[in-house]
Amino acid sequence: MITVAVETSCDETSCAVVSGGKVLSNAVSSSVDMHCPYGGVVPEIASRYHVDYISPVFEEALDEAGISVRDIELVCVTSGPGLPGSLLVGISFAKALAAALDVPILGVNHLTGHILSGFIGQTDIVGNLDDLKYTALVVSGGHTALYRCEGCSFEILGRTLDDAAGEAFDKAAKVMGLGYPGGPAIERAASEAGSDELIPFPRAMLSDPENLDFSFSGLKTAVLYHWRDSDKTRREAFLVSRSFQEAVVDVIIEKTRRALERTGTGILAAGGGVICNRRLREKLRALCSKNSVKAFLPEKALTGDNAAMIAFSGELLYSRGARSDLSLVAEPSLVR
Ligand code: KG4
Ligand code: ZN
């Protein structure tokens with residue numbers, strides 16, 4: 001089956017072609033540079049960018065996959081969660097495409113895409129997915145959550161009670177004037193920190209060993225106050241970045257360790273923009289190897305928002321009976 005997916009939930013305009021779990025193309029165009037002066041995504045700018053770029057990105061995805069529009073057999077689209085205006089552009093485009101070609105359309109939860117993204121290219125896993133019990137970790141700009149999973153069923157174990165980890169990276173970077181998106185900027189700055197010195201920033205919600213929820217707003221405020229009272233040198237920004245990154249990573253690692261212990265699954269699937277972070281990847285791999293857990297981390301190009309994960313998930317869901325129709329609407333607050 002040739003599946004095309006459209007993903008426009010935030011500031012990336014993306015179209016992908018997947019067939020039998022194999023990614024044939026994954027075109028992504030981002031409006032990230034246009035949001036940079038504002039230190040965060042401006043929804044109106046993101047929506048307009050999607051309107052301008054969705055057609056060329058779609059053409060690029062078909063060209064790269066070497067298929068024509070008539071080859072498409074299933075259209076998948078991110079239906080939520082995300083920015084309402086941004087979701088609407090992708091959904092309208094996908095509906096028009098499905099209607100014109102008279103092929104089925106399937107709305108896919110963006111978080112399902114991130115959860116399953118680590119399995120892209122893993123043919124053994126995909127072939128036996130329904131029997132697979134695993135633990136999933138999603139760390140992105142909008143979400144930080146842990147799940148107990150079986151095949152395509154997901155049970156939430158814990159989630160952030162305030163800011164998502166990526167959002168905390170973005171806000172901490174904004175405080176220090178490091179630019180947007182904050183994640184890569186903080187990671188770069190952290191790598192410049194010369195010594196092993198660390199500012200003891202708070203690691204929230206670790207005292208109750210049963211608790212799998214996250215909270216990053218206190219850490220963000222601690223960075224704000226520390227920076228306000230500091231000499232604001234480049235050297236200080238490097239130290240704060242390194243200390244902040246360590247605090248976020250420590251909390252994610254400890255909560256993931258607890259989730260793996262609770263579920264008893266020997267498999268971890270992780271996804272989301274923050275999974276791109278080298279320090280987090282390194283520590284997740286170390287945690288998994290110490291506990292004889294197999295870690296499935298998507299390649300870096302598949303960590304941030306992309307349509308390949310939506311096409312990949314949509315194809316799996318469709319083959320298990322999931323269906324939508326042209327009454328599909330954007331669900332900005334969709335949960336998982
Ligand atoms: O998954 P994603 O592209 O969008 C959402 O679904 O939210 O994640 C975007 C988030 C941003 O907050 C960005 O700062 C963060 O991922 N991010 C990173 C890194 N690269 C992107 N955070 C930490 N380290 C990185 N290298
Ligand atoms: Zn995302």
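Everything numeric in this text was worked out from a predicted model, so none of it was measured. Counting starts at 1 for both ligands and their atoms, in listed order.
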key: Shared hydrophobic cluster, Val251 / Val248 (ILVMFWY, side-chain heavy atoms < 4.5 Å)   = yes

ask   = Can Thr112 and Arg336 be counted as having a side-chain donor-acceptor contact under 3.5 angstrom?
value = yes

note = Closest heavy-atom pair, Ala308 versus Ala16, reported as atoms and distance to 0.1 Å, is N-CB, 3.3 Å

Reported NE2-to-CD1 distance for the pair His110 and Ile310, which is rounded to 0.5 angstrom = 6.5 Å

request  = For Gly166, counting its heavy atoms only, list the atoms of ligand 1 lying under 4.0 Å from any of them.
outcome  = 12 (O)

key: Atom of His110 nearest the Zn ion (ligand 2) (restricted to N/O/S, atom name only)   = NE2

Metal site the Zn ion (ligand 2): N/O/S of Cys10 inside 2.8 Å = no

ask   = For ligand 1, which atoms sit closer than 4.0 Å to a heavy atom of His110?
value = 6 (O)

request  = Mark up the atoms of ligand 1 that fall under 4.0 Å of a heavy atom belonging to Val274, in ascending order.
outcome  = 15 (C), 16 (O), 18 (C), 22 (N), 23 (C)

message = Using a 4.0 Å cut-off to any heavy atom of Glu187, which atoms of ligand 1 qualify?
response = 24 (N), 25 (C), 26 (N)

ask   = Is any NZ, NE, NH1 or NH2 atom of the basic residue among Lys232 and Glu236 found under 4.0 Å from an Asp or Glu carboxylate oxygen of the other?
value = no

query = Considering only protein heavy atoms, which is closest to atom 17 (N) of ligand 1, and at what distance to one decimal place?
reply = Gly273 O, 3.6 Å

query = Where is the nearest protein heavy atom to atom 2 (P) of ligand 1: which residue, which atom, and how far?
reply = Asp305 OD1, 3.3 Å

message = Which of the numbered atoms in ligand 1 are under 4.0 angstrom from any heavy atom belonging to Gly304?
response = 3 (O)

query = Under 4.0 Å from any heavy atom of His114, which atoms of ligand 1 are there?
reply = 1 (O), 6 (O)

task = Run the numbers for me: atoms of ligand 1, each under 4.0 Å from some heavy atom of Gly142, listed by number.
result = 7 (O)

message = Could you tell me if Arg159 sits above the aromatic ring of Phe214, with its cationic atom closer than 6.0 Å to the ring centre and no more than 45 degrees from the axis?
response = no

inquiry  = Tell me the protein heavy atom at minimum distance from atom 24 (N) of ligand 1, and give that distance in Å.
reply    = Asn277 ND2, 3.1 Å

note = Taking every heavy atom of Ile275 against every heavy atom of Gly271, the minimum-distance pair comes out as CG1-O, 3.3 Å

Proximity of Tyr134 and Phe296 rings by center, below 6.0 Å = no

inquiry  = Out of Gly141, Gly113, Gly183, Ala173, who is nearest to atom 8 (O) of ligand 1 when you count heavy atoms only?
reply    = Gly141

ask   = Closest approach of Tyr53 and Ser29, non-hydrogen atoms and distance?
value = CD2-OG, 3.9 Å

ask   = Which residue and non-hydrogen atom of the protein lie closest to atom 14 (O) of ligand 1, and at what distance in Å?
value = Asp170 OD1, 2.7 Å

ask   = Going by atom types only, do Asp162 and Ser215 share a side-chain donor-acceptor pair under 3.5 Å?
value = yes

query = For ligand 1, is there an atom lying under 4.0 Å from some heavy atom of His143?
reply = no

query = For the residue pair His50 and Phe93, is the inter-centroid distance of their aromatic rings smaller than 6.0 Å?
reply = no

note = Among N, O or S atoms, Asp305 approaches the Zn ion (ligand 2) most closely through OD1

query = Is it true that Pro184 lies under 4.0 Å from ligand 1, counting heavy atoms only?
reply = yes

